[in-house]
Amino acid sequence: MKKSVTLTMLSIATTLIFLGSCKPKNTNNAVTGDAAAKAYVAPGKYDEFYNFVSGGFSGQMSVYGLPSGRLFRVIPVFSVDPEKGWGYSEETKPMLNTSHGFVPWDDLHHIELSQTAGEVNGKWAFANGNNTPRLARVDLKTFRTAEIIELPNSGGNHSSPFGTENSEYIVAGTRFSVPADDSNGDVPIDSYKENFKGHISFVSVDKETGAMDIAFQLKTPGVNFDLARSGKGKSHGWFFFSCYNTEQANTLLEVNASQKDKDFIMAVNWKKAEEYIKAGKGKKQKVRYAHNVYNEQTHTATSTIKTEVTVLDVAEFKDICYFIPCPKSPHGCDVDPTGEYIVGSGKLAALIPVFSFDKLQKAIANKTFDGDYSGIPVVKYEAALYGEVKKPGLGPLHTEFDGKGFAYTSMFVSSEIVKWNIKDLAVVDRAPTFYSVGHLCIPGGNTAKPFGKYLIAYNKITKDRYLPTGPELTQSAQIFDISGDKMQMILDFPTIGEPHYANAAPAELIKNNGQLKIYKIDENKHPFVAKGESEAKVTREGNKVHVYMTSVRSHFAPDNIEGVKMGDEVYFHITNLEQDWDVPHGFSIKGANNAELLIMPGETTTLKWIPDRVGIFPMYCTDFCSALHQEMQGYVRVSPAGSSVPLSFHVGKKPAATN
Ligand code: RUQ
Ligand code: CUA
């Protein structure tokens, strides 16, 4: 007994030492020669790439320029953003609805840009919500979140949003296995092995509109799915998922899920799964999940609760899923641009296994199996292995490719990027990062066509890199020039939240994809639009007061409103009449338990306000829109309940009309 306790303690200690990070030596030799010039984008000049970076626990996506590292925009996705009224305006609140109600935050880890024929196409950016499992689609014409779909049967959507080479599907693999939504969840946690299941959602994406739908789910043994990549080229039709906790532990995972020498990469033949679904082999399951869609005509989101999903139990279909042993607690699972090589990054492994798609196919055909795991065949390690990268460094996490025959793997523990040759698996270069690098991004580095010029490391720790800012220091990214044989660090830049993964696309592709500059006022189908000042009005229905308000440089119409009473609910529906690019107006009113609105040209947006006291309430435009922005203001008079002050409104000398 005593011995086993000591052993456990020892193994905890080793694990902790191993997982801690060390600071590389030579911290001052990182930036050399012409580095600054390579990251310099002169004022007024454009960057070469857009970099879409996850905000981690901020729940948002940020957009930077490469190689300058300049921050262009924070796109609110899963978290409310008072700056843009996201989740505060009546129109956007439904976007954050879930089967649990309004969930105003999530943990956004990964970004996937939509693809055509294995290449980034500049249409959409997908993002995962890791907490209340969700998948989001951002429209790159508007840089706004256009759709969010919740994922049933899931707990923590980490293995997501990775997509196929034509974005036929974006996958969402559960990190936490949990009892299925339609089973009795009131079970002992210790019954993990019997009752907990994994689910992977295949979410289809409409080629034209981007509309998402859960096409089907695969029910799998209860393990933790971590990352994933689709096959491409020759391996199109397959998907690969890294799995840890194949020990099926439900407590103290840092020890109990680190027992086995090898966990798995799960290879999924999704084309086969698709055939079974088409043949009606899936089981319909009762579930509840929210599907939220933003409509650009009505400028309004709707949230629908859906109640059914189609599930295939992979144990019942012998040719959908195969496990490939992978040392040890694999995190990243990455596929090279040709689709032949599958790289597993075991956090606790001292080497990097590279699997061959051709060998895997042969092993499956010849049934070169090592038994099964919960009814799923386990392919013999050597039978699928192309080779191992020896002594790469400590704590391999993620790999990206440059399209020139090289792979780059992040080493969390030894804080470095290791460049290696995909063919002979020889390490050819190492560059220190500062510190504890997580994901890497090479523009297009996850696709069939990488733009192998820059590599960005997203680091977990910065320590002495920036001026201190209290107990928490900024997270950071570091850009390397990888156009030569040796990697050269050219820039550090701080990031919002915690950057996990990122994708990048050529600036030309996004810039020329038909960027939306204004919403056309004639096409505005918002039910409370006022298409000109003559349509501005205030109406009352019971205790609901609707203000049809317009904004134009530099006044609101109406800007004086009387006859609002205690007990009323006031809805300010503000239409921005401007039809010029980049002329938003803002709106705010004193005491609103809410945020500002930021209304784009031609758009209508609504702020709900429940007055809490009698008096005069100033309102004003929050966005500096013109020389007379500071004059863009008005008043609302609130009278006691039951008061006889009539509802009236005006702007300028127009007589007060009543309604
Ligand atoms: S993770 S730092 Cu959430 Cu993608 Cu590897
Ligand atoms: Cu409108 Cu300031």
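One-based numbering, in listed order, for ligands and for the atoms of each. Since the structure is predicted, the reported quantities are computational estimates derived from the model, not experimental observations.
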Query raised in the report: Below 4.0 angstrom, N of the basic side chain to O of the carboxylate: do Arg465 and Asp492 qualify?
Result: yes
**Report entry** atom 5 (Cu) of ligand 1: angle it makes with NE2 (His331) and NE2 (His398), nearest 10 degrees
**Finding:** 90°
Report summary line: Within 4.0 Å of some non-hydrogen atom of Leu227, the atoms of ligand 1 are 4 (Cu)
Query raised in the report: Distance only, no hydrogens: is a donor on one side chain within 3.5 Å (strictly under) of an acceptor on the other, for Ser79 and Asp106?
Result: no
Query raised in the report: Near His109, which atoms of ligand 1 are under 4.0 Å from a heavy atom of that residue?
Result: 3 (Cu)
Report task. For His500 and His439, test the side chains for any donor-to-acceptor distance below 3.5 angstrom and give the result as yes or no. Result -> no
Report task. Determine whether the side chain, the backbone, both or neither of Asn130 has a heavy atom under 4.0 Å from any heavy atom of ligand 1. Result -> neither
Query raised in the report: Are any of the side-chain heavy atoms of Leu218 and Phe202 separated by less than 4.5 Å?
Result: yes
Query raised in the report: For atom 4 (Cu) of ligand 1, does an N/O/S atom of His110 lie at less than 2.8 Å?
Result: yes
Query raised in the report: Does any N, O or S atom of His439, backbone or side chain, fall under 2.8 Å from atom 3 (Cu) of ligand 1?
Result: no
Query raised in the report: Does Asp263 pair with Lys347 as a salt bridge, N-O distance under 4.0 Å?
Result: no
**Report entry** Lys460: numbered ligand 1 atoms lying under 4.0 Å from its heavy atoms
**Finding:** 2 (S)
Query raised in the report: Nearest to atom 3 (Cu) of ligand 1, which N, O or S atom of His158 do we find?
Result: NE2
